[in-house]
Structure formats: structure tokens, C-alpha cells
Amino acid sequence: MDVNTEKKVEHTFKAPRGTEDILPTKWALWRNLEEAGRHEFELCGYYEIRTPIFEDTRLFIRSIGEATDIVEKEMYTFSDSEDSSITLRPENTAPVMRAYLEYELYKTKKFQKFYYIGPQFRKERPQAGRLRQFHQMGIEAVGAAAPLLDVETISVATRIFDRIGLKGYKVKINSIGCEQCRPVFRNILKEKLCEHEKALCELCQSRLNRNVFRILDCKNDACKTVSHHMPSINDYLCEACQSHAKSVREALLEIGIPYIADAHLVRGLDYYTKTVYEITHASLGARDAICAGGRYDNLISDIGGPSIGSVGFAIGMEATILALENVMARHKSVSQEVCGPSPSIYVVSISEETKKHGFCLLNILRNANLSADFDYEGRSLKAQMRTANKLGVKYVIVLGPDELARGDVKIKVMETGEEIVLKQNEVPKWFLNKNLSTMG
RNA sequence: GUGAGCGUAGCUCAGUUGGAUAGAGCAUUAGACUGUGGCUCUAAGGGUCGCGGGUUCGAAUCCCGUCGCUCACCCCA
């Protein structure tokens, strides 16, 4: 029983910085989210795809952009003893596209819808809901340019949040134009901002040359004042982008998804075009996004494929679960200890001799697809009853020397305290008539 | 990567201007007429006070370093 070892081990291990163990007490939340995701993805015609955890480093450099922070300092990159450099995937869009191209899926069917669920890696300073190994589930609708498809992806995300009962999320949407109109706007914006250069914070002054659009998103009050007087991207969208944006917004209203048009919403990655969106939850503080996505009409051609439009999103699972926990804590409706399903039956036996028979009975129950568990610690009857109670089982089977001698068992119905005596060979049948679910 | 705050039992936290065997609640385990759970009562186990160094007669408390966590920034698939 003594859990402590006599020998002190001088070094104990911890999960690496920025990683997290998901303990059994938390799994119900994760499973819930995953199942909600799968349900909605498949309901909407998306098919699961699993790509490798690591990829050729060049894939991410090409797709994400060489000059981005992600590529410059946040990737887990190493060489695998040959001349090749590999990288733990920092996102899942490029890998899905790579697979789409590698198997030339566009040749059999140009338009395809994929979903994925899995870990992603990014070496950065850990923060709440932001880890070095984190999990995303997302979709990629590849091969169509219709604005309605953008709307479908948004609706898939909100369906998932609705299904898990997450209240209070906000959909923010913007259009960042295409290769035609974005550069025009960028130049004008840059010109206008340069006029107010001295009013901007130090960081934004450097942004003038690196990433002008980010200035619109700066939290500094002075910068906010300046950007308030700046023109909006919406005034500079080309005709195609304008009508695309209009269609998206109309369709969102049509199907009843409220959104906030946020002209300051920008994207860090080069491959985004036209629609960008973000779903946020206010309970999360500064880093409040639980889902981010948009259209990327240039990505496939960027990585060597045909020119095919696509749209997709990724949901941050840690962030979503945090938001869900915050909401639950506020409503105090769910206990903090969230556990998975318990078995339905607990087999209690009293002596060494009856333990052997109890163990056989346990296996008979399991063979009949009844969920059941058993005491391996040799604890007292009372202790076993306590455990059964804590597990929340519906029934306890008591098999003591008396029962053994008579060839029967006692079944206790935990809810009522009622006890029933049965012949041992009648036990599985009795339970099967109870129509117990296989788990809990 | 930058800045700030925090680090005491499994968990949530007390710990007075540095002072004696470091506490509580919850959880765990065991008992309360010997084969029965929940409620109640009683008791027990569990901490080199994150780690290392320094100041001091004396450090959980002060100083330095280190690791980790948290929050914000950078950035964000």
C-alpha cells in the first residue's frame, strides 16, 4: 500500500515545457468535443484524413511563408540523419493539401472535403490555452470558389460549438482581398500611415515595413486612434472580392449565423485570400480565438499544384475546452471532477477462495458484453462496497463463502438497497434482461 | 524571444515584524458489536515549504541563481 518508494530517486520527470497530460478525469470533455466534431463534420459531408505528424520542412516554408515568425523561430525542425530536414507540423492545412496533390486527388474529383483531428507543434512561450503541443480539429474544402462554401465552413464550426453547448462565442469576419486588390490597399494604407508615423508605437513603426495590416490590429491606444482614421479594406476590394464578400454576409444572415464585420481582422499567413474569419470567446482573455479560418485560393498553386480555390478552418481544442470549462464554472452546473463512464457492475468477493470464483464470474459478465469491474487489492467487504458506490455502479454482486457453498450470488441494487439471490448460472441472463448499456 | 506576478500535503489554500515538532478544509485509508455503500463521528497516513546557493544564532518568510506555472507583449496555423 505504501506508494512512496524507500529509495529517493534524485531526478523526477515532468512533462516537457508546453506539453500537457490529459488525465482520465479530463477525458470526458475531450471525448465530447471530438465526438461533436466528428458528428458535425460527417453530417456535413467531410471525410477524415490523417497526415503524418512531421513533414518535409520545405512544405511549411513554402506555404506559411519564409519571413513569418512561425517559420523563423517557432518550428520544431531537425534532420533525420540523412540530408533531409523534417518539421513537426505547426498546422495541418499544408499537409492536407500536400496529400491532395501527392495522390492527385483532383484528377478523380476536383472538389473534396476533408477533416482532421490531431496534435500540432509550435515552439513558443506557453500560456493558457496555448501550448507547444496543442490539438486542432479542422476542415478543408478543396476545389471550389463559391462564397457559399465559405459560409458552410463557418456553419460547421458554429454547429460544433452549439453541439457541445458552448454559449457566448462570436463570429468575426472580414475580407482581405485577393492578389489583385490587396497590394493596392497595402500601398495606400502604408502611405497614409507613414504620415502619422510618429504617433505610432515603436512596434508599429517597424510594422510599417514588415506587416502594415497588423497595425490595424494593434492594441496600443495611440495606434488605435490613428488606425481609426484609416481607410477600410472594404473600400478597396476589387469587384470580384466585393461581390464575394457580399454573398458571404448575405448567406450568413440567411441561415441565421450572427457575425461581426471586423475590418481590422487580418491574417498572418500569406496564403489567405478574400474571406477570413475568427471565432472568439470572451472568457479566454487576450488570446481569445477558439477557431480561425478563411479562404486560401493561392496555397495549392504555391506548393506546386493547379490553381484551385479552397477554404477551411482550425478549431483550437485546448482553447475550446477552456472556454467550455469557464462557462460551466460560471453556471456551477457541472462538477469539477469530470470522469468517463463507469462500469455497471462491481463484483465483490470476500476470501481468497471466493475471489477465484468472482474473477470467473467477472469474465463471464464481460463475455456477455456487460461492463464490470472487480477488487484486486484484497480489501474488506466494506471497502469494496465503498469503491462500488464511488464508481457509481448500478449493481453489486456479492460472492462470499455462504453464497459459494450454496452455488448462488447476492445481487444488490445500489439505488434501492434491494438484494436479490440468484443461482450463479442465471446471472448473465438476469443482467441481459435489465438491458444495461455496455458502458455505464 | 520580452516584461510582470507566483511556486507550502493528491487538490484549494492559511502561516502574523525572520523564531521552537509547518497547519486547515476537501480527498485518501482505517475503524464505529465481528458479511454491505451513501449521512455522521473518530483516528491515521501524507510535506527536505519547486530546486541550488547566500545572509543570519535561526529562513517557508530576506537576497541571488535556476526550473516550472500564470498573465501580458511579440506572433498566431
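Every chain is numbered from 1, with letters handed out A, B, ... down the list of sequences. As the structure is a prediction and not an experimental result, all values here were calculated from the model.
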Quiz item: How long is the line joining CG of A/Leu381 and P of B/G37, in whole Å?
Solution: 8 Å
Self-check item: Residues forming a salt bridge (charged side-chain N to carboxylate O under 4.0 Å, His left out) with A/Glu278, sequence neighbours excluded
Solution: A/Arg267
Quiz item: Looking just at side-chain N and O atoms, do A/Thr158 and A/Ser155 make a donor-acceptor pair shorter than 3.5 Å?
Solution: no
Quiz item: Is A/Phe54 atom CZ crowded by more than 12 heavy atoms from other residues, nucleotides or ligands, each under 6.0 Å away?
Solution: no
Self-check item: Separation between CD1 of A/Ile160 and CD1 of A/Ile139, rounded to the nearest 0.5 Å
Solution: 7.5 Å
Quiz item: Between A/Leu203 (CG) and B/C73 (C1'), how many Å, whole number?
Solution: 9 Å
Quiz item: How would you list, by chain and number, every residue that makes a salt bridge (charged side-chain N to carboxylate O under 4.0 Å, His left out) with A/Arg130, sequence neighbours excluded?
Solution: A/Glu124
Quiz item: Salt bridge check: are A/Glu352 and A/Lys356 linked by an N-O gap of less than 4.0 Å?
Solution: no
Exercise. For A/Ala289, report the nucleic acid contact type (base, sugar-phosphate, nothing); a contact means any heavy atom under 4.0 Å.
Key: nothing
N/O to N/O distances under 3.5 Å, protein versus nucleotides 38-44 of chain B:
from	atom 1	to	atom 2	distance (Å)
B/G38	O4'	A/Asn389	ND2	3.0

Self-check item: Inter-nucleotide C1' distance (B/C6, B/C74), Å rounded
Solution: 23 Å
Quiz item: What is the ring orientation for A/Tyr169 with A/Phe161, classed by angle as parallel under 30°, tilted 30 to 60°, or perpendicular over 60°?
Solution: tilted
Self-check item: Test side-chain hydrogen bond (donor to acceptor under 3.5 Å, both in side chains) applied to A/Asp408 - qualifying residues, sequence neighbours left out
Solution: A/Arg406
Quiz prompt | Integer angstrom distance from the P of B/A22 to that of B/U29 | solution = 27 Å
Exercise. Mind calculating the distance between CE (A/Met385) and P (B/U29) to the nearest angstrom?
Key: 15 Å
Self-check item: Donor-acceptor pair present, A/Glu419 side chain and B/U36 base, under 3.5 Å
Solution: yes
Quiz prompt | Phosphate OP1/OP2 of B/A72: any A/Arg287 side-chain N/O under 4.0 Å | solution = no
Quiz item: Rounding to the closest angstrom, what is the interatomic distance between B/C69 and B/C11 at atom P?
Solution: 15 Å
Practice problem: Select from A/Ala286 and A/Pro90 the residue whose nearest nucleotide in RNA chain B is closer to the 5' end of that strand. | Solution: A/Ala286
Kindly list each side-chain donor-acceptor pair under 3.5 angstrom involving residues 284-295 of chain A, sequence neighbours excluded, with atom names and distances?
from	atom 1	to	atom 2	distance (Å)
A/Arg287	NH1	A/Ala289	O	3.4
A/Arg295	NE	A/Asp150	OD1	3.0
A/Arg295	NE	A/Asp150	OD2	3.2
A/Arg295	NH1	A/Ala144	O	3.1
A/Arg295	NH1	A/Asp297	OD1	2.9
A/Arg295	NH2	A/Ala144	O	3.2
A/Arg295	NH2	A/Ala146	O	3.3
A/Arg295	NH2	A/Asp150	OD1	2.7

Quiz item: Between A/Thr273 and A/Asn298, does any side-chain donor sit less than 3.5 Å from a side-chain acceptor?
Solution: no
Quiz prompt | Strand RNA chain B as a dot-bracket string - pairs counted if Watson-Crick or G-U with both distances under 3.5 Å, | where the partner lies in another strand | solution = (((((((..((((.....[...)))).(((((.......))))).....(((((..]....))))))))))))....
Exercise. Look at the side chain of A/Pro126 and decide which nucleotide, out of B/C71, B/G35, B/U70, has an atom nearest to it.
Key: B/U70
Quiz item: Checking only heavy atoms, does the side chain of A/Arg125 share a donor-acceptor pair with the base of B/U2 at less than 3.5 Å?
Solution: yes
Self-check item: Integer angstrom distance from the C1' of B/G3 to that of B/A14
Solution: 30 Å
Quiz prompt | Whole-Å C1' distance, B/G47 and B/G7 | solution = 14 Å
Practice problem: Remember a base hit wins even if backbone is also touched, and classify A/Gln120 as base, sugar-phosphate or nothing at under 4.0 Å, heavy atoms. | Solution: nothing
Quiz item: Between A/Glu418 (CD) and B/G37 (C1'), how many Å, whole number?
Solution: 16 Å
Exercise. Tell me what A/Val396 touches on the nucleic acid: a base, only sugar-phosphate, or nothing, going by heavy atoms under 4.0 Å.
Key: nothing
Exercise. Report yes if the distance between the aromatic ring centroids of A/Tyr376 and A/Phe374 is under 6.0 Å, otherwise no.
Key: yes
Practice problem: Could you check how far NZ of A/Lys410 sits from C1' of B/G37, rounded to whole Å? | Solution: 14 Å
Exercise. Would you classify A/Arg130 as touching base, sugar-phosphate or nothing, given that sugar-phosphate means primed atoms plus P, OP1 and OP2, and contacts are heavy atoms under 4.0 Å?
Key: base
Name the pairs: protein N/O against N/O of nucleotides 5-9 of chain B, kept only if under 3.5 Å.
none

Distance-only criterion, 3.5 Å: show the donor-acceptor pairs between side-chain atoms of residues 357-366 of chain A and protein atoms not counting sequence neighbours.
from	atom 1	to	atom 2	distance (Å)
A/His357	ND1	A/Glu353	O	3.3
A/Asn363	ND2	A/Phe359	O	2.9
A/Arg366	NE	A/Ala372	O	3.2
A/Arg366	NH2	A/Ala372	O	2.9

Quiz item: For A/Asp402 and B/U34, what is the distance between atoms CG and P respectively, to the nearest whole Å?
Solution: 15 Å
Quiz item: Can you tell me if the side-chain N/O atoms of A/Lys390 get under 4.0 Å from OP1 or OP2 in B/U28?
Solution: yes
Quiz item: With sugar-phosphate meaning primed atoms plus P, OP1 and OP2, does A/Glu20 contact a base, only sugar-phosphate, or nothing at under 4.0 Å between heavy atoms?
Solution: nothing
Quiz item: Taking CD from A/Gln384 and C1' from B/U29, how many angstroms apart are they, rounded to a whole number?
Solution: 15 Å
Quiz item: Touch check for A/Asn92, heavy atoms < 4.0 angstrom, all strands: base, sugar-phosphate only, or nothing?
Solution: nothing
Practice problem: Using a cut-off of strictly less than 4.0 Å between a heavy atom of the residue and any atom of RNA chain B, enumerate the qualifying residues of residues 144-155 of chain A by number. | Solution: none
Quiz prompt | Aromatic contact, A/Tyr115 with A/Phe41 (centres under 6.0 Å) | solution = yes
Quiz item: Does A/Gln112 have any side-chain hydrogen bond (donor to acceptor under 3.5 Å, both in side chains) partners at least two apart in sequence or in another chain, and if so, which?
Solution: none
Self-check item: Euclidean distance for C1', B/U28 against B/G35 (whole angstrom)
Solution: 24 Å
Quiz item: What nucleic acid atoms does A/Gly312 come within less than 4.0 Å of, heavy atoms only: base, sugar-phosphate, or nothing?
Solution: nothing
Quiz item: In whole Å, what separates the P atom of B/U70 from that of B/G23?
Solution: 31 Å
Quiz item: Would you say a side-chain N or O of A/Arg17 is under 4.0 Å from OP1 or OP2 of B/C67?
Solution: no
Practice problem: Could you state the atom-to-atom distance from CD1 of A/Ile350 to P of B/U34 in whole Å? | Solution: 13 Å
Quiz item: side-chain hydrogen bond (donor to acceptor under 3.5 Å, both in side chains) with A/Ser84: which residues, sequence neighbours excluded?
Solution: A/Asp80
Quiz prompt | Salt-bridge present (A/Asp21, A/Lys26; N to O < 4.0 Å) | solution = no
Quiz item: For A/Glu202, what residues pass the side-chain contact (heavy atoms from CB on, under 4.5 Å) criterion, not counting sequence neighbours?
Solution: none
Exercise. Would you kindly compare A/Tyr271 and A/Arg379 by the position of their nearest RNA chain B nucleotide and give the one closer to the 5′ end?
Key: A/Arg379
Quiz item: What interatomic distance, in whole Å, is found between P of B/G19 and the corresponding atom of B/C63?
Solution: 15 Å
